[in-house]
Structure formats: structure tokens, C-alpha cells
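First the structure, in the form of C-alpha cells, and then the observations on it.
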There are 2 protein chains.
Amino acid sequence: MPERNRISKPAARRLSQYLRTLQARLDGDASTNRVSSRELGEQAGVADAQVRKDLASFGAGGQPGVGYQVRALHDGLRRALGLDKPWRAVLVGAGNIGRALLAYPRFGEEGFDLVAVFDRASAVVGRRVAGHAVQPMSNLQEAVRRSGAQLGIVAVPPDEAQDVADALVRAGIQGVLNFAPRALRLPAHVAVVAVDFTEALERLAFEASLKPTPSGRSKGHG
Amino acid sequence: MPERNRISKPAARRLSQYLRTLQARLDGDASTNRVSSRELGEQAGVADAQVRKDLASFGAGGQPGVGYQVRALHDGLRRALGLDKPWRAVLVGAGNIGRALLAYPRFGEEGFDLVAVFDRASAVVGRRVAGHAVQPMSNLQEAVRRSGAQLGIVAVPPDEAQDVADALVRAGIQGVLNFAPRALRLPAHVAVVAVDFTEALERLAFEASLKPTPSGRSKGHG
DNA sequence: GATTGTGAAGAGCTTCACAGCT
DNA sequence: AGCTGTGAAGCTCTTCACAATC
């Protein structure tokens with residue numbers, strides 16, 4: 001089993017995209033059980049050579065003249081991304097963002113199990129979110145340890161985010177998904193991924209403002 | 001006013017971060033009206049030389065031995081990011097994600113105005129979201145044209161995302177913020193920024209699975 | 001002394017192009 | 001003929017290092 005493991009960060013991002021295409025193939029039409037690098041690339045907006053490099057980076061192999069086996073590639077990809085084992089996660093902050101994340105059907109399906117929800121506001125504690133009674137922050141340490149949760153989701157206001165993240169790290173968490181518009185400073189042994197709406201909006205404004213002047217458009221009633 | 005405009009994509013991302021630090025400075029303590037590249041870099045998790053390169057990329061200048069003027073840098077940054085003029089946006093999809101985005105206090109503050117909300121489900125049409133009555137999709141074209149909205153927010157299920165994005169482009173939109181876990185294929189004159197929870201979770205699983213075995217930890221406090 | 005601005009070196013990522021396999 | 005695998009080239013981004021400036 002080749003496991004050459006040198007997957008760069010940009011590559012990991014693209015592997016997620018390929019995985020989606022493969023899942024659609026497995027779920028929906030099983031017209032063929034082969035897929036080419038060109039096809040995967042088209043779905044993800046990436047060149048075919050890039051796809052082949054990415055797949056080779058974790059030891060996936062195709063057949064020249066034929067392509068890759070959908071099922072085998074799917075399974076290999078999940079393994080490479082660390083999705084072959086289930087992950088247990090706790091959510092801190094029972095507001096809109098946390099609920100929106102949990103509402104994604106993929107959350108459970110992909111092997112992410114929510115094991116507890118916490119919030120600082122006593123008015124929210126006790127309410128149910130995604131089937132879990134919201135607990136006070138004072139329970140966090142013990143709940144994380146007891147459940148063996150490896151991931152923490154930070155969905156609190158920006159000025160609380162660092163403290164919450166620190167608490168999660170102290171509780172022994174391995175990775176943090178940060179929804180607060182603030183850079184977290186955490187020890188190197190903890191993985192951090194940020195989902196930042198504010199930054200996304202600003203990036204959009206920036207890129208839209210670079211586009212050719214929208215003078216002669218919205219013309220034809222297309 | 002120098003405007004050397006060659007801001008790379010990674011640079012734009014970091015500029016957003018610097019902007020946040022500057023805003024915090026302006027809002028909160030005005031202990032000093034200068035800031036150094038090292039200080040900005042610490043907040044954003046970036047080297048000081050990188051900060052200086054980034055700031056130089058849009059013509060901002062500092063004083064050797066002193067630093068940058070907070071107010072001037074803030075204003076210059078906003079201009080560089082296209083945030084000096086207000087943006088009008090429409091939201092398609094009145095579910096959790098859309099509401100979570102609008103709940104961000106920054107949304108309105110930063111100069112993004114929501115002008116209309118649409119949804120395909122007739123059960124939702126007519127309800128109020130963020131102060132706007134949800135409209136049926138059939139109103140989209142006209143509403144976008146009438147309001148002059150430049151941005152569209154796609155917060156619908158993945159299998160509807162491409163159609164919705166196409167409709168937005170036909171209506172004359174300049175940029176799309178895509179929350180659906182699917183790559184959109186749009187003409188080059190339209191900016192696209194994706195916020196993808198699924199990909200973020202998978203990236204987190206990947207990075208967390210690479211971290212050193214969590215054997216002997218939960219020791220000294222940081 | 002502190003800090004900027006920047007050329008040059010370094011690192012990393014993407015694209016090209018084509019040999020080789022089916 | 002179709003497609004993979006990959007060395008090499010090309011490109012972009014980051015870090016280094018230091019002269020110039022305040």
C-alpha cells in the first residue's frame with residue numbers, strides 16, 4: 001500500500017473537491033466505474049496534470065489508457081484525508097453559525113459526530129441544538145475528556161474566540177474549526193482551519209472591483 | 001496617490017486581516033496612532049517583511065523608524081480592497097446559512113447592503129429575513145436590475161447552486177459568494193468566492209490526522 | 001535605535017510535454 | 001487512440017538581509 005504522504009495544503013483542498021465528484025458518481029449514476037483525470041479536473045476547475053499529481057501524492061494509481069477506478073479512488077482519498085475513521089466534535093456557541101454548520105447533511109454522513117454543544121449564555125443553556133442539550137462552559141473540560149472528542153468548533157463572537165480555543169486545547173483537542181473573524185494563536189500541535197465570512201465578503205468585493213467595468217452589460221434581455 | 005495595483009490573491013486575504021487589526025485600533029484604544037509591520041504581522045500570523053510587501057503592493061507607505069499611520073493605512077486598505085464604495089447584495093436561499101451570514105454585525109457595517117432575499121420554496125416566500133420579505137425566484141431578474149445589486153449570495157442546496165448562479169449572472173451581477181459545496185463554473189467577468197463548510201471540515205480532519213500522536217499532552221499551561 | 005522598502009535568494013506550486021502503458 | 005506518470009521548465013509567493021530613513 002503506497003503512502004508517499006506528501007500532500008501539500010493546496011492539494012488537500014483539491015482532494016476534497018475530487019472526493020465530491022467521486023461521491024456523486026457512487027451515489028447517483030453508476031454508468032461507468034472509471035473516471036479520468038480530465039473529468040475530475042473539469043468538475044473541480046483544475047488542469048488534468050494537476051489532478052494526476054495530486055492523486056499520485058497519496059499513492060493512488062490509475063490505468064494508462066483507461067483512468068481511475070471510482071470506488072478504489074474514493075476509498076483511497078478518504079483514507080488520505082483522514083476520513084476513514086470517525087471524528088468526534090464539540091461545538092462551542094449555539095448561535096446561527098453553529099446551527100448552519102450542523103444543518104449540512106454532510107456533517108453526519110462524512111463521519112463527523114457531534115458529541116456536545118456549549119454556550120456561555122445561561123439563557124441558552126439547556127435548550128436543544130441538533131439533538132443535544134446545550135451545556136454551560138464549565139462542563140467543557142470534562143465533557144471533552146469523557147467523550148474523547150478530537151475536534152472543537154468555535155462559533156462564538158470574535159472577542160471570546162481565543163479564550164474558547166485555549167480552553168479547547170487545554171481539554172486536549174487536536175483540531176479547531178474557527179468561525180470567528182479573528183486569527184487564533186494556538187500551539188503547533190493543534191490544527192486550525194478558519195471559515196471567515198468577513199474575509200470572504202472582502203475578498204469578493206476586491207475581486208469584483210477588479211473586473212472590467214460593467215458598462216455594456218445587462219443589455220440583451222438574455 | 002500611488003496605486004501600483006498588483007495585489008495577489010494571497011495578499012488580498014492578508015489585507016483583510018490587517019484591516020481588522022486597524023479597525024480594532026480605531027474603535028478601541030487609540031493609545032497610539034502608529035503601527036509597525038511587525039505588530040500587524042503578529043496579529044495576522046505573518047512575517048513582518050510580508051506585511052511590508054503587502055502594504056507596498058497597493059501604494060501604502062510608512063515612515064522608517066516609526067511605522068504606519070493607523071487611520072491613513074485603514075483608509076488606503078479599504079480603498080484597495082474595493083470597500084470604499086457600498087456594495088448591494090441579494091441573497092438567494094433563506095435557510096440557516098444565509099441567516100447566519102446576515103447575523104454577522106460586520107455585514108452591514110462594512111458597507112454591504114442586503115437589498116433582497118429570494119427562495120424557491122413557496123412556503124418560505126413572504127416570510128421576513130433580516131428585514132426583507134422573501135420573494136419568489138421569478139422576481140430575481142427584475143429586482144436585481146432595479147436595485148442595481150452587484151453581488152449575489154448563493155445559499156441553496158448544491159444541486160441548485162449552478163442554476164441560481166447562472167440566473168444571477170444573467171441578471172447582471174458582478175460577483176457571487178457561494179456557500180454551496182460545489183464548484184461553480186461562471187464567465188470570467190464574474191468574481192466568485194466560495195465558503196465551503198464541507199471542505200473546511202475535511203481540511204481539518206486532514207491536518208488533525210497529520211499532527212503528532214496525542215500521547216503525552218495536557219501538561220503545562222501555555 | 002527602530003523601522004521601512006526592496007533586490008535577491010529560496011521555496012513551493014502549476015503547467016508543459018512526452019515517454020510509456022493499456 | 002486514450003490516458004497515466006513524471007521530469008523539467010515556468011511561475012508565484014515568501015523569506016532573507018541590509019541599505020536607507022526617521
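All figures in this text were calculated on a predicted structure; none of them were measured in a lab. Below, chain A is the first sequence line, B the second, and so on; all start at residue 1.
The separation between Glu42(B) atom CD and dT3(C) atom P is 11 Å, rounded to whole Å. Taking atom CD on Glu39(B) and atom P on dA2(C), their separation rounds to 15 Å, with Å as the unit. Rounded to whole Å, the distance from CZ on Phe58(A) to C1' on dT4(D) is 14 Å. Rounded to an integer number of Å, the gap from Asp48(A) CG to dT14(C) P is 14 Å. Nucleotide dA2(C) holds its C1' atom 9 Å from the CZ atom of Arg38(B), rounded to whole Å. Straight-line distance from the CZ atom of Arg34(B) to the C1' atom of dC22(D): 10 Å, rounded to whole Å. Here dT3(C) presents its C1' atom at 14 Å from CG of Leu73(B), a figure rounded to the nearest Å.
Each of dT6(C), dC21(C), dC22(D) was ranked by its minimum atom distance to the side chain of Pro64(B); first place goes to dC22(D).
Contact record, Val156(B) with Val92(B): CG1-O, 3.5 Å, taken as the closest heavy-atom pair.
Regarding contacts with the backbone of dG5(C), every side-chain N or O of Arg52(B) stays at 4.0 angstrom or more from both OP1 and OP2. Between Ser37(A) and dT4(D) there is a side-chain polar atom (N or O) within less than 4.0 angstrom of OP1 or OP2. The side chain of Tyr68(B) places no N or O atom within less than 4.0 Å of a non-bridging phosphate oxygen (OP1 or OP2) of dC22(D).
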Close N/O contacts between protein and nucleotides 8-15 of chain D (under 3.5 Å):
| unit_1 | atom_1 | unit_2 | atom_2 | d |
| --- | --- | --- | --- | --- |
| dA8(D) | N6 | Lys53(A) | NZ | 3.3 |
| dT14(D) | OP1 | Arg14(B) | NH1 | 2.7 |
| dT14(D) | OP2 | Arg14(B) | NH1 | 3.2 |
| dT14(D) | OP2 | Arg14(B) | NH2 | 2.9 |
| dT14(D) | OP2 | Gln50(B) | OE1 | 3.3 |
| dT14(D) | O5' | Gln50(B) | OE1 | 3.2 |
| dT15(D) | O4 | Lys53(B) | NZ | 2.9 |

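Projected onto DNA chain C by closest heavy-atom contact, Gly65(A) and Gly67(B) fall at different nucleotides, the more 5' of which corresponds to Gly67(B). Heavy-atom nearest nucleotides on DNA chain C were determined for Gln63(A) and for Gly61(B), and the one closer to the 5' end corresponds to Gly61(B).
The ring of Tyr68(B) has its center no closer than 6.0 angstrom to the ring center of Tyr18(B). Proximity of the aromatic rings of Phe58(B) and Phe206(A) is defined here by a centroid distance below 6.0 angstrom, and this criterion is not met.
Ring orientation note: the planes of Phe197(A) and Phe197(B) are close to parallel, at an angle under 30° on the 30°/60° scale.
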Step by step, would you call Arg34(B) with Gln63(B) a side chain to side chain donor-acceptor pair (under 3.5 Å)? CA-CA 10 Å; Arg34(B) 307 286 182 154; Gln63(B) 282 176 277; 2.4 Å; yes

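Each of Glu199(B), Glu202(B), Arg203(B) was compared with Ser16(A) under the side chain to side chain donor-acceptor pair (under 3.5 Å) criterion, and only Glu202(B) meets it.
Using a 4.0 Å cut-off between charged side-chain N and carboxylate O, Asp113(B) and Arg88(B) make no salt bridge.
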